[in-house]
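Below, read A as the first sequence line, B as the second, and so on, with proteins coming before strands; counting in each chain starts at 1.
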Amino acid sequence: MSTKRVITYAEAINEALREEMKADPNVILLGEDIGAYGGVFKVTKGLLDEFGSDRVIDTPISETGFTGAGIGAAMTGMKPVVEIMWVDFTLVAMDQILNQAAKMTYMSGGQTKVPLVIRTQGGGGRGNAAQHSQSLETMFAHVPGLKVVVPSTPYDAKGLLKSSIREECPVIFIEHKMLYNQKGEVPSEEYFIPLGQADIKREGKDVTIVSLSRMVHFCLDAARELQNEGIEAEVIDLRTLVPLDLELVKKSVQKTHRLVIVHEATRSYGWGAEVAARIQEEAFDELDAPVLRVGAEDVPIPYNLNLEKEMLPQVRDIVDAARNALYLSV
Amino acid sequence: MSTKRVITYAEAINEALREEMKADPNVILLGEDIGAYGGVFKVTKGLLDEFGSDRVIDTPISETGFTGAGIGAAMTGMKPVVEIMWVDFTLVAMDQILNQAAKMTYMSGGQTKVPLVIRTQGGGGRGNAAQHSQSLETMFAHVPGLKVVVPSTPYDAKGLLKSSIREECPVIFIEHKMLYNQKGEVPSEEYFIPLGQADIKREGKDVTIVSLSRMVHFCLDAARELQNEGIEAEVIDLRTLVPLDLELVKKSVQKTHRLVIVHEATRSYGWGAEVAARIQEEAFDELDAPVLRVGAEDVPIPYNLNLEKEMLPQVRDIVDAARNALYLSV
Amino acid sequence: MGQLLQFFELGEQTWHGDQRKAEEAWRTMNLIRAFEEKCIELYKQGLMGGSLHSYIGQEAVATGVCMNLNTDDYITISYRGRGQAIAKGADPYKLFAEMLGRKDGYCKGKGGPMHIACRELGILGANGIVGAGIPIAVGAALTAKNKKTGQIALTFFGDGATNQGAFHEALNLAAVLKLPVVFVCENNLYAEMTPIKHSTLNEDLAERGAAYRIPSIVVDGNDVRAVHEATKTAVDRARSGEGPTLIEAKTYRLVGHMFGDPETYRTKEEVAEWRQKEPIKRFRQVCLDEKLLDEDRLDEIQNQIYKEIDTVAKRAMEADQPGMEEIFTDVY
Amino acid sequence: MGQLLQFFELGEQTWHGDQRKAEEAWRTMNLIRAFEEKCIELYKQGLMGGSLHSYIGQEAVATGVCMNLNTDDYITISYRGRGQAIAKGADPYKLFAEMLGRKDGYCKGKGGPMHIACRELGILGANGIVGAGIPIAVGAALTAKNKKTGQIALTFFGDGATNQGAFHEALNLAAVLKLPVVFVCENNLYAEMTPIKHSTLNEDLAERGAAYRIPSIVVDGNDVRAVHEATKTAVDRARSGEGPTLIEAKTYRLVGHMFGDPETYRTKEEVAEWRQKEPIKRFRQVCLDEKLLDEDRLDEIQNQIYKEIDTVAKRAMEADQPGMEEIFTDVY
Ligand SMILES: Cc1ncc(C[n+]2csc(CCOP(=O)(O)OP(=O)(O)O)c2C)c(N)n1
Ligand SMILES: Cc1ncc(C[n+]2csc(CCOP(=O)(O)OP(=O)(O)O)c2C)c(N)n1
Ligand SMILES: [Mg+2]
Ligand SMILES: [Mg+2]
């Protein structure tokens with residue numbers, strides 16, 4: 001990075017939108033309260049004033065309607081960025097996302113491209129309870145035809161969103177509600193981060209920890225604790241689930257021979273299972289210990305903040321898992 | 001089984017519905033074309049005549065509406081069995097299934113039970129293309145609060161459906177379109193199969209093959225081919241994904257030391273990953289080879305029958321995987 | 001379709017001399033207001049998680065509607081649902097405890113502000129998903145019809161919810177099956193920060209009920225008597241097997257969509273104007289004008305409620321947290 | 001809402017002396033019929049996968065509607081969508097090839113009967129999910145409005161689709177954004193095996209358009225001229241920036257919902273009655289009565305079409321299967 005400049009994750013996303021809207025008049029925004037109000041998380045602040053109501057469109061509360069409209073607009077020459085306010089609400093629009101957007105190009109034999117980005121946010125941590133705290137990225141990753149981006153820092157969020165908007169296929173871009181105010185360095189020069197490149201957020205040689213979104217920060221905290229015990233953890237941020245950069249994970253495992261996967265999604269049938277399955281499939285002989293997973297407990301998310309905290313992965317759980325992977329008693 | 005009686009999978013399901021409706025006046029059916037017409041797959045044949053239109057309710061094409069109504073009815077004393085004609089259409093009702101049915105008991109602190117069964121059918125094999133051939137069981141398994149049943153034979157279908165209707169929680173019961181006409185022995189005596197018990201469909205000592213639904217039959221065919229080569233495969237039918245009977249799989253792996261998982265769902269981020277991850281986590285030292293997975297290619301399902309066949313798992317793929325797991329050249 | 005749409009007008013004799021009703025309404029509206037004000041205090045103190053969606057200004061709707069309901073009638077509500085829960089008879093202590101995530105809460109602290117439920121009172125549950133409670137209420141009505149219990153189901157939702165597919169599907173289903181359900185749309189003019197007039201062309205949302213051939217009534221939602229009477233027709237229709245009714249209660253929320261909302265989307269003048277028409281102030285005047293309750297009685301009840309709410313909230317603040325084992329209960 | 005609902009009546013002068021129009025309509029309707037009949041033949045021979053949903057009986061709708069559209073106007077259609085595709089100008093060879101899953105098909109054999117699409121003709125795609133194509137068309141209209149291209153979007157769907165949430169959300173969105181889109185509801189009286197009158201109380205589904213304050217027109221869907229004229233108004237409105245219109249075309253499918261449907265849900269008499277009113281027979285009479293086309297010309301065109309369809313189908317049957325590598329293309 002050539003310029004030291006510190007902005008928040010929300011600001012970084014806002015910048016990405018602004019830059020892409022400037023660069024391409026076909027980029028339009030659709031969503032609830034994104035116009036004059038600037039979005040409930042302030043991500044679209046100022047964009048209505050700058051680009052007008054033809055390009056920043058406040059919609060009725062009808063996620064199926066406006067996601068579908070986003071798909072239709074994308075098929076005919078626009079590049080819509082649709083905001084679904086919480087990832088939990090994608091469930092009211094799931095047919096449009098999984099049966100329409102994801103399959104349109106294939107079903108048409110490649111005639112139709114759907115350059116659509118669905119921005120949404122997920123995750124727990126503030127007592128929003130069962131219907132406003134989920135981490136649903138695995139569902140989108142399981143259905144072929146979508147790319148799935150889940151950024152952890154302002155830098156990544158900006159660079160990945162700009163790339164997402166330039167993709168020719170539908171992209172699900174899942175932000176994390178607890179990261180919006182998090183700050184980080186973002187250069188003022190334009191840059192892009194291609195989808196499908198994981199990032200080593202910390203180097204280490206003893207154990208590999210793979211994660212994404214908010215959990216990356218928990219993993220980094222865990223790595224610092226582990227360092228105090230003389231354990232050097234390598235922290236890899238997948239950044240995108242589709243495409244999945246398994247190569248980087250494999251390379252790291254070839255060095256550390258131990259792997260811990262951490263996600264905020266429900267543990268069972270979550271994406272961590274896929275990474276574990278792939279690594280043991282493709283690097284079986286490299287593993288000195290089973291691949292371990294840290295995920296949310298298999299229950300809906302409780303409102304009570306203590307309960308919520310306990311059921312979501314915490315730094316302590318990651319440290320314990322890493323120690324387990326090293327066969328150290330916990 | 002005390003009585004030799006052979007009926008189809010569709011008939012077995014029909015019997016389960018009839019018996020449970022007789023046993024409990026609170027059992028009602030909701031769905032499209034299930035009444036006079038008897039359902040597009042003939043599963044509800046004769047039930048309208050027997051139980052009347054108060055209990056067999058033809059609905060408008062509105063899966064969100066009638067699934068939601070099923071939930072409300074379940075919460076207030078009925079035991080609705082809702083038919084969503086194709087599993088692909090659950091996507092238009094996903095909020096009701098995953099945000100409402102699955103979470104209601106938890107959110108209410110246990111005050112409300114939702115004894116609802118959602119019957120649906122999935123899978124490919126007859127050229128129904130991308131929006132009518134999916135295997136979406138993993139999505140339901142990933143969200144806590146639902147039980148997920150995916151039967152492979154008339155016997156299992158009947159016994160599992162009867163148990164599902166007697167559960168106090170929402171159950172997703174996914175039939176397979178290619179199995180409806182498949183015949184099997186079903187006793188005339190009443191019986192139940194509890195959820196959460198996998199079933200060894202064939203014993204063997206050399207390699208464990210885990211599957212469910214239609215793929216179980218493919219696995220059995222593969223086992224027969226393997227037998228010709230002197231390989232004895234053990235075929236386990238999970239029958240339910242939630243609860244997951246991992247113990248039986250582990251026990252088998254302790255014997256065979258090799259595991260192949262087979263599903264018709266898209267390979268990536270499918271349920272096979274969970275089973276693989278769990279087994280390597282919990283039985284790492286038992287494994288003499290990586291756990292291998294056979295699943296559909298990571299693409300939408302093409303219409304052309306040759307292409308569809310090639311992209312879905314076939315007996316040959318299972319045989320190859322088993323040989324691979326035994327380090328035999330394919 | 002014309003006859004299906006009705007604009008409710010208050011008869012001159014409504015509640016004439018009915019002190020019992022007046023006292024009940026006054027009590028409930030004040031209880032809701034006091035509860036909601038206290039919640040804001042608690043929220044400001046950082047004692048709650050999530051977001052807080054206040055019902056202040058809409059008290060006449062919950063009150064007028066629920067005065068028609070029996071304890072065993074079913075309701076579904078939304079994240080903005082404590083008002084209706086109180087009107088349905090919920091215990092403020094258990095409500096506060098739930099707001100604070102405590103063990104004594106209706107949902108043991110696991111549901112929270114957006115998911116209030118109370119089985120014994122027929123409160124099937126509040127919903128965080130806009131519109132999602134509507135089909136659920138239709139299902140409860142199906143049970144009532146099927147079991148011939150004489151119960152009815154009633155669902156509260158906002159103006160914005162009428163734009164959701166779930167609304168459409170639920171209303172049509174109820175119409176076709178002729179179910180004993182009442183749809184109460186609380187039109188407070190805004191869906192979050194978006195004026196409803198920007199997201200539909202309908203002047204009256206009741207038109208949307210009529211579109212399914214459901215009799216639909218527009219009523220002044222800040223007049224508790226009008227709400228009560230209009231809903232009575234609907235509840236009677238439902239109970240006597242004549243099918244669903246939609247009520248559009250025109251009202252206004254006097255505070256932000258949620259705590260912290262800067263309310264940049266509306267003018268101070270607009271809010272001030274609605275403050276003049278706010279339901280508690282208005283009903284006080286009605287009580288005085290119609291000699292239903294005198295100044296002293298009104299104040300006495302009000303003061304007593306505020307005191308009670310204070311006490312109850314304090315008690316809830318001291319209630320236990322749920323045990324960690326609760327994470328794993330109530331999943332299936 | 002009254003003025004929003006209109007029952008279209010054919011003017012006496014409609015198409016008077018316009019042989020060109022008559023020939024176009026006759027040609028298109030017959031092409032659709034011949035194509036659909038041939039598909040049934042092919043399906044019976046086991047040459048297709050999946051299910052076959054025939055358009056026989058509804059030809060006047062696709063034909064009359066699409067006569068108003070330009071090549072670059074957008075349409076979305078359903079699994080019952082070959083009729084509309086043909087009316088929009090699709091090449092029967094490429095259609096047959098797609099039905100048969102061949103490489104030369106519009107979608108290289110990967111889409112099949114339920115997913116016909118043709119980019120150059122603005123056919124955005126057929127949909128297997130009831131109602132799902134409606135919001136997609138609204139999005140295409142958004143593009144047209146945004147880019148000020150003068151294009152419009154039009155979507156075909158069935159009576160049953162009006163019960164889906166997607167219908168509701170899409171219509172409201174189009175109304176609010178005043179988009180250049182035309183909603184064509186082909187009311188063939190049945191949704192699969194369920195009579196539409198069992199699943200909604202509306203006598204005219206056009207009421208449902210009016211509910212969003214969208215001008216809505218009921219038209220005789222078996223009269224190609226009426227459909228053409230009624231749609232013209234709608235297309236003109238859209239093109240001139242006046243916003244959406246809904247057309248309810250009352251029609252009837254003369255065959256089962258899909259091939260193999262035993263049609264137990266309707267009487268032979270009902271079908272026979274509608275056979276009398278079927279669009280091709282009716283239009284032949286109109287042509288003769290109004291001296292638009294004579295017997296010879298009508299027969300000549302018809303025979304030529306049937307011959308052409310025969311040839312084209314044969315050619316499609318000989319077309320190559322797509323290569324296995326096609327499994328992995330066009331995913332992203
Ligand atoms: C499906 C869905 N979309 C969006 C939201 C976010 N959201 C929460 S409240 C709200 C506004 C609802 O407005 P209205 O129905 O008028 O109810 P009010 O808040 O005014 O009581 C929105 C958009 C949601 N909870 N669910
Ligand atoms: C969401 C959804 N639910 C159910 C179906 C199954 N289905 C296919 S066609 C059909 C009937 C549709 O009726 P209508 O809209 O009147 O169209 P028509 O078939 O008469 O042209 C149904 C229920 C589906 N494809 N999608
Ligand atoms: Mg509102
Ligand atoms: Mg129809």
Dump the intermediate steps for side-chain contact (heavy atoms from CB on, under 4.5 Å) on Gln121(B) and Val43(B), then the final yes or no. CA-CA 11 Å; Gln121(B) 61 74 33; Val43(B) 168; over 6 Å; no

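Only the side chain of Val242(B) comes within contact range of chain C, judged by heavy atoms closer than 4.5 Å. For a residue to count as touching a neighbouring chain, one of its non-hydrogen atoms must lie under 4.5 Å from one of that chain's; by this rule Ile123(C) does not touch chain B. Of the atoms belonging to Leu146(B), it is backbone heavy atoms, and not side-chain ones, that fall under 4.5 Å from chain C. With a threshold of 4.5 angstrom between heavy atoms, Ala137(C) does not approach chain B through any atom at all. With a 4.5 angstrom heavy-atom cutoff, Leu124(C) touches chain B via backbone and side-chain atoms both.
Within the structure, ring-ring contact (aromatic ring centres under 6.0 Å, His included) pairs that include any residue of residues 22-53 of chain B comprise Phe41(B)-Trp86(B), Phe41(B)-Tyr180(B) (at least two apart or interchain).
Taking CG from Leu121(C) and SG from Cys66(C), the interatomic distance works out to 10.5 Å, rounded to the nearest 0.5 Å. How far CG of Leu95(C) is from CD1 of Ile86(C): 5.5 Å, rounded to the nearest 0.5 Å. The distance from the CZ atom of Phe89(B) to the CD1 atom of Ile61(B) is 9.5 Å, given to the nearest 0.5 Å. A distance of 12.5 Å separates CD1 of Ile134(C) from CZ of Phe156(C), quoted to the nearest 0.5 Å.
Closest of all the heavy-atom pairs between Leu30(B) and Pro80(B) is CD1-CB, 4.5 Å.
Counting heavy atoms from C-beta outward, Lys22(B) and Glu50(B) have side chains that approach closer than 4.5 Å.
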Using atom types as modelled and no hydrogens or angles, find all donor-acceptor pairs between chain B and chain C shorter than 3.5 Å.
| from | atom 1 | to | atom 2 | distance (Å) |
| --- | --- | --- | --- | --- |
| Asn26(B) | OD1 | Lys147(C) | NZ | 2.6 |
| Asp54(B) | O | Asn146(C) | ND2 | 3.0 |
| Thr64(B) | N | Glu169(C) | OE1 | 3.0 |
| Gly65(B) | N | Glu169(C) | OE1 | 2.8 |
| Ala69(B) | N | Pro135(C) | O | 3.4 |
| Ala73(B) | O | Thr143(C) | OG1 | 3.3 |
| Thr76(B) | OG1 | Thr143(C) | OG1 | 2.6 |
| Gln96(B) | NE2 | Ala132(C) | O | 3.1 |
| Gln100(B) | OE1 | Asn127(C) | ND2 | 2.7 |
| Gln100(B) | NE2 | Asn127(C) | OD1 | 3.1 |
| Tyr106(B) | N | Asp330(C) | O | 3.2 |
| Tyr106(B) | OH | Ile327(C) | O | 2.8 |
| Gly109(B) | O | Lys108(C) | NZ | 3.4 |
| Gln111(B) | O | Arg119(C) | NH1 | 2.9 |
| Gln111(B) | OE1 | Arg119(C) | N | 2.9 |
| Gln111(B) | NE2 | Tyr106(C) | O | 3.0 |
| Gln111(B) | NE2 | Ala117(C) | O | 2.9 |
| Lys113(B) | NZ | Tyr332(C) | O | 3.1 |

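Heavy-atom pairs under 4.5 Å with chain B peak, among Ala153(C), Gly165(C), Cys118(C), Gly105(C), at Cys118(C). With chain B as partner, the option from Leu173(C), Leu179(C), Val176(C) having the largest number of non-hydrogen pairs under 4.5 angstrom is Leu173(C). Ranked by non-hydrogen atom pairs under 4.5 Å with chain B, the options Ala174(C), Ala140(C), Ala166(C), Gly112(C) are led by Ala140(C).
Legend: residues meeting side-chain hydrogen bond (donor to acceptor under 3.5 Å, both in side chains) with Asp88(B), ordered by chain and number and at least two apart, are Gln134(B). With sequence neighbours excluded, no residue forms a salt bridge (Lys or Arg N to Asp or Glu O under 4.0 Å) with Lys45(B).
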